[in-house]
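Naming convention: chains lettered A, B, ... in sequence-line order (proteins, then strands); numbering from 1 in each chain. Just so you know, these numbers come straight off a predicted model, no measurement behind them. What's counted below: heavy atoms across the whole structure, side chains too, no hydrogens, waters or symmetry copies.
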Protein chains: 2
Amino acid sequence: MSQLPEQSARTSVPTSADVARAAGVSRATVSYVLNDNTTVRISDATRRRVRAAAFDLGYVPHAAARSLRAGHSRMVLLPATRLPAGLLQRRFFTDLQSDLRRLDYTVVQYGSAGLDPDEAVRAWAELRPVAVVAPAGVPLTPHGIGMLTRSGAKAVITLGPQPVEGAHALVLDQRVVGGSAVRHLLARGRRRIGVVMPQEPGLALFSEPRLAGALQAAEACAGARVRRLPLRYEETSATELAARWRTLGLDSVFAYDDEYAMLLMRALQDAGVEVPAETAVVGAGDLMLGRLLRPRLSSVSMELATAQPPAEMIDRLVRNPGGAPERHDLLRARTVARESG
Amino acid sequence: MSQLPEQSARTSVPTSADVARAAGVSRATVSYVLNDNTTVRISDATRRRVRAAAFDLGYVPHAAARSLRAGHSRMVLLPATRLPAGLLQRRFFTDLQSDLRRLDYTVVQYGSAGLDPDEAVRAWAELRPVAVVAPAGVPLTPHGIGMLTRSGAKAVITLGPQPVEGAHALVLDQRVVGGSAVRHLLARGRRRIGVVMPQEPGLALFSEPRLAGALQAAEACAGARVRRLPLRYEETSATELAARWRTLGLDSVFAYDDEYAMLLMRALQDAGVEVPAETAVVGAGDLMLGRLLRPRLSSVSMELATAQPPAEMIDRLVRNPGGAPERHDLLRARTVARESG
DNA sequence: TTGAAAGCGTTACCAT
DNA sequence: ATGGTAACGCTTTCAA
């Protein structure tokens, strides 16, 4: 008979109403106690009873219900890309995440692999984030920015090589990388400079600006020439390139990054091209890897210069929305000279 | 006078009620039309009017309200770790994400850096995910699993070196990696085997099982001995280790992975220790990197063998909850012999 | 010090 | 074929 007590046999999850019932108070009181609401005085005895009941039932508030009632969330959305994130970006995200949490935001990374731009931005907007930080490679259009703003996002921020119309921008201008490498080579008397262009899809986002920076830097020097060198991240591709190296008439190469540099340098050495005597090689990323090569690899070292921590910037934009798009250049590059050129 | 029409000048985001008003129908009808509800017949004219109104207003449904009403979400939560994710894990996540999307789940990665286990699991539970996939390194305890289950998660799945009591497990048993390397070395007559143990925090999760697998494999051979070799990912640390190499009396080393292998091999060569003549070196990960070294690096190649795609497994567990914890071993390892040992 | 009730945006049931 | 209405879980205003 007593097998189905009125409100037991609950297979579902406990709500604040369950806590109220268990503690013998109203739902309002439960809310007051659990949110430490100071505008209302609750007796210590009641407080304890409510807390105990919540603990016993394993009560956990329902974030969706809460933000629905509140009319806003504190979710910062980070649409993910499927690009292989570099060390720099990973560190950036990790830091951003902890900093935002410290400011009481909830950071949510949302994978949008294989959605077309409209579907993707719609999916983000459904979550009603208070801010969106979109790394390079996610399909964010001015139209998408409008949709996010209209659905309540107080700040839309792009993070990558170039800004998008209408959004704030944390710009990682990859041109400074190519520029630094080429200036380094020019200073050492090199004039006929190759620039490796990875053929892997997705990397064009980074390699094209690096090349652009290289070209720009070369313009400052009369006799300098820059040549584009397509390369796949495979030994065969590097071997091919090395085999026709001498026909190219280059005295140096900026190899996109340290990994492509290692690949190419190995192939050049195997083909009998001396590094740096005949051809100087410069990578980028300043990985441990480069220091272990022989000759040690010269490399463009990158870092993010943040006047104001990005998390604070986001917080400021959220509290004070509607301003003109801000733009901050974050990427700094400096070439570390080692033995390879 | 007509500057403030009754329901215009809306600064807030449009709701389905706004769409209904604009189309001159009820909220229910809007819901029917936009969700393509087939159990109810709506005239084509009405359909078009509703769709047009939704489009004009830029209406986007509110995910929180929807899942509140529905009583459940289709969110799969992926608590993120701050560990440097390897290529294998990254590929795994990317695939999992697209596969789950195809099954109409929403995959959300949630950063829990710097939260203690209880706070973290509570934060996850507040989101009411339908499933949680926890990679190695996130603080998931049996108690936490209980909390997630009680707050509605239909499936909790761990992904990593070892299962956690009470959750389903996709096991990446790192012991097979050390085992494969050591069996490879034993087969080539090596007997006194060093195993590199990275000192970077967080890697112990992987290095300890790899060592355990190495020890286990060595037991099969009478004269074999395994020795633990602490190493930081720095040149100085490798140089130190190489300097006292001959006092260790080892004829081979399993270097944890290809990057540590490169670091150590370089230091050994600089110290005059011949590879592989005097000491054989085996890495893991089978990176391009290893093929470029001289001698070419032997390496443990890893892959994930999935009888059933993990996304389908998750879907099955969600639809059919309450079963006994499942356990699937995913990691396969096989040593690729090259020149280093 | 506490409780009743309204409302956030949706959807499903039951009338019309 | 369409509309009214209640309910999801929570917070907050107002009243007691």
Side-chain angles (χ1 to χ4, degrees), chain A residues 7 10-50 53-54 57-74 125-128 130 150-152, chain B residues 7 10-50 53-54 57-74 125-128 130 150-152:
Chain A
Q7 54 233 10
R10 300 274 298 164
T11 174
S12 80
V13 335
T15 72
S16 76
D18 296 324
V19 176
R21 217 173 296 125
V25 300
S26 76
R27 303 208 305 289
T29 307
V30 171
S31 174
Y32 293 146
V33 171
L34 296 184
N35 295 314
D36 285 322
N37 188 323
T38 51
T39 70
V40 69
R41 302 232 171 275
I42 309 275
S43 70
D44 270 13
T46 307
R47 288 202 123 78
R48 271 194 297 275
R49 250 187 313 136
V50 170
L57 292 173
Y59 170 72
V60 175
H62 192 305
R66 178 181 297 196
S67 74
L68 182 57
R69 162 70 219 212
H72 61 261
S73 74
R74 287 186 67 79
E126 288 190 1
L127 299 176
R128 297 288 194 273
V130 69
R150 260 178 283 113
S151 62
Chain B
Q7 53 233 10
R10 301 271 299 162
T11 175
S12 79
V13 335
T15 72
S16 74
D18 296 323
V19 176
R21 217 173 297 125
V25 298
S26 74
R27 302 205 304 290
T29 306
V30 172
S31 173
Y32 294 145
V33 172
L34 296 185
N35 295 312
D36 285 323
N37 190 322
T38 51
T39 69
V40 69
R41 302 230 172 275
I42 309 277
S43 71
D44 269 13
T46 308
R47 289 202 122 79
R48 272 193 296 276
R49 250 186 313 136
V50 170
L57 293 173
Y59 169 72
V60 175
H62 193 308
R66 178 178 293 187
S67 75
L68 181 58
R69 162 69 220 208
H72 62 260
S73 73
R74 287 187 67 80
E126 288 190 0
L127 299 176
R128 298 289 194 275
V130 69
R150 260 178 284 113
S151 62

**Message:** Going by the rule side chain to side chain donor-acceptor pair (under 3.5 Å), which residues pair with B:T38 if we only count those two or more places apart in sequence or in a different chain?
**Reply:** none
**Asked** Would you call A:D44 and A:R47 a salt bridge, taking side-chain N to carboxylate O under 4.0 Å as the test?
**Response** no
**Item:** Shortest non-hydrogen contact from A:A22 toward A:L57
**Value:** CB-CD1, 4.1 Å
**Request:** May I have the distance from A:L34 (atom CG) to D:dG9 (atom P), rounded to whole angstrom?
**Result:** 16 Å
**Message:** What is the separation between atom OH on B:Y59 and atom C1' on C:dG9, rounded to the nearest whole Å?
**Reply:** 7 Å
**Message:** Suppose the criterion is salt bridge (charged side-chain N to carboxylate O under 4.0 Å, His left out): which pairs have a residue in residues 32-42 of chain A, not counting sequence neighbours?
**Reply:** A:D36-A:R51
**Request:** Please confirm whether the backbone N or O of B:A17 pairs with a side-chain atom of B:R27, one donor and one acceptor, at under 3.5 Å?
**Result:** no
Below 3.5 Å, can you tabulate the donor-acceptor pairs from side chains in residues 60-69 of chain A to any protein atom, sequence neighbours excluded?
unit_1 : atom_1 : unit_2 : atom_2 : d
A:H62  : ND1    : A:A64  : N      : 3.3
A:H62  : ND1    : A:A65  : N      : 3.3
A:S67  : OG     : A:A64  : O      : 3.4

**Request:** Would you mind reading off the distance between A:R47 atom CZ and C:dT2 atom P, rounded to a whole angstrom?
**Result:** 9 Å
**Request:** Could you state the atom-to-atom distance from CG of B:D18 to P of C:dC8 in whole Å?
**Result:** 11 Å
**Asked** Shortest non-hydrogen contact from B:V13 to B:D18?
**Response** O-OD2, 4.1 Å
**Asked** With sequence neighbours excluded, what pairs up with B:S73 under the side chain to side chain donor-acceptor pair (under 3.5 Å) test?
**Response** none
**Prompt:** Rounded to whole angstroms, how far apart are NE2 on A:H72 and C1' on C:dG9?
**Reply:** 16 Å
**Message:** Tell me the interatomic distance from A:N37, atom CG, to D:dC10, atom P, rounded to whole angstroms.
**Reply:** 16 Å
**Request:** Over all heavy atoms of both residues, which pair between B:S151 and B:A125 is shortest? Give the atoms and the distance, please.
**Result:** OG-CB, 3.3 Å
**B:R48 CZ to D:dA1 P, straight-line distance once rounded to whole Å** = 16 Å
**Asked** Taking CG from A:N35 and C1' from D:dT12, how many angstroms apart are they, rounded to a whole number?
**Response** 11 Å
**Request:** Mind grabbing the angle between the end helix axes of the helix from C:dT1-D:dA16 to C:dT16-D:dA1? Five pairs an end, 10° rounding.
**Result:** 50°
What does the list of N/O pairs under 3.5 Å between the protein and nucleotides 2-6 of chain D look like, with a distance for each?
unit_1 : atom_1 : unit_2 : atom_2 : d
D:dT2  : OP1    : B:S43  : OG     : 3.1
D:dT2  : OP1    : B:T46  : OG1    : 2.9
D:dT2  : OP2    : B:S43  : N      : 2.5
D:dT2  : OP2    : B:S43  : OG     : 3.4
D:dG3  : OP2    : B:S26  : N      : 3.0
D:dG3  : OP2    : B:T29  : OG1    : 2.8

